[in-house]
Amino acid sequence: MERREEEARARAEARPRVDEDLQHSTDLDQVEEAGDADESQESEENVEHIAFSHIRYPEKEMVKRSQEFYELLNKRRSLRFISNEQVPMEVIDNVIKTAGTAPSGAHTEPWTFVVVKDPDMKHKIRGIIEEEEEINYLKRMGHRWVTDLKKLRTNWIKEYLDTAPVLILIFKQVYGFAANGKRKVHHYNEISVSIACGILLAALQNAGLVTVTTTPLNCGPRLRLLLGRPANEKLLMLLPVGYPSKEATVLDLKRKRLDQIMVTV
């Protein structure tokens, strides 16, 4: 029994520490808040149904559009070399509106997109992330995780956080508030916001902008306070957004073939 306990402790210590924001369990939240939320949730029985507007394309057009969209997104790469050239804010507005079309549990839309353009604020964000990331690489992440990252040639230095003209920080709202001020359950908030992030990546690619998906481990609480976000919001992802720099390079990575990712039953 003692040997088993020692082995369990060893396995736990070997696991990389996860950002406390990402440890938040939606299911646990729903259980904890259910008592208040059940009484405060507004009924949707009276929401009107309206006619659905749909465009159906001929099959050849469907194939053409789906192939073109695949080819567009297949060019998407995670880019860490971002120019400081400014991007049109109307484009940023549009891509975030597009992300906001994502489906969400019970239509709670549990996302907040914080757009940071101010150079001083970007530098403060970089300072927090690099400070925590150095500790992550040296102590928290573990040998296996750091070894897996070696092929990407990444480290805790994040110059793109200063150079990118726009940073988009995506927060998940783990709960909301009803009209009477009581907490309101946000069902499947992390899944919903993750879907919105995927749509945002596609919208950025469609607009001709580049980014790299980052999940700043152990930085969420400090960044939330820095940006003045409320306690019900937890940082899920950070995207530096802009044009590629002239010296930009990417690793020659290959994606899995269709037969490796799709099973037809």
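When every heavy atom of Leu200 is checked against every heavy atom of Val95, the shortest pair comes out as CD1-O, 3.6 Å. Between Cys197 and Leu236 the shortest heavy-atom distance is SG-CD2, 4.4 Å.
In this structure, the side chain of Arg77 does not engage the main chain of Val210 through any donor-acceptor pair within 3.5 Å. Under the 3.5 Å distance criterion, the side-chain polar atoms of Glu233 are left unmatched by any main-chain donor or acceptor of Arg224. Arg255 places a side-chain N or O within 3.5 Å of a backbone atom of Asn74 that can act as its donor or acceptor partner. The backbone N or O of Lys158 lies less than 3.5 Å from a partner atom in the side chain of Glu130, making a donor-acceptor pair. His186 places a side-chain N or O within 3.5 Å of a backbone atom of Gln173 that can act as its donor or acceptor partner. Judged by distance alone, with hydrogens and angles left aside, the side-chain atoms of Gln260 form a donor-acceptor pair with the main-chain N or O of Arg257 at under 3.5 Å. A donor-acceptor contact shorter than 3.5 Å links the side chain of Lys122 to the backbone of Asp162. Side chain of Ser192 to backbone of Gly105: a donor-acceptor contact under 3.5 angstrom is found. For Thr211 (side chain) and Pro240 (main-chain N/O), a donor-acceptor pair under 3.5 Å exists by modelled atom type. Between the side chain of Asn232 and the backbone N or O of Gly176 there is no donor-acceptor pair closer than 3.5 Å.
Neither Leu225 nor Ile125 shares a network with the other; the hydrophobic side chains, linked directly or stepwise wherever heavy atoms of I, L, V, M, F, W or Y lie under 4.5 Å apart, form separate groups for each. The same ILVMFWY cluster, assembled from side-chain heavy atoms under 4.5 Å apart, contains both Met89 and Leu204. A continuous path of hydrophobic side-chain contacts links Phe171 to Leu226 [ILVMFWY only; heavy atoms under 4.5 Å].
The salt bridge (charged side-chain N to carboxylate O under 4.0 Å, His left out) contacts involving residues 64-73 comprise Lys64-Glu68, where partners must be two or more places apart or lie in separate chains.
Ring orientation note: the planes of Trp111 and Phe113 are tilted relative to one another, at an angle of 30° to 60°.
For Glu90, there are no side chain to side chain donor-acceptor pair (under 3.5 Å) partners two or more places apart in sequence or in a different chain.
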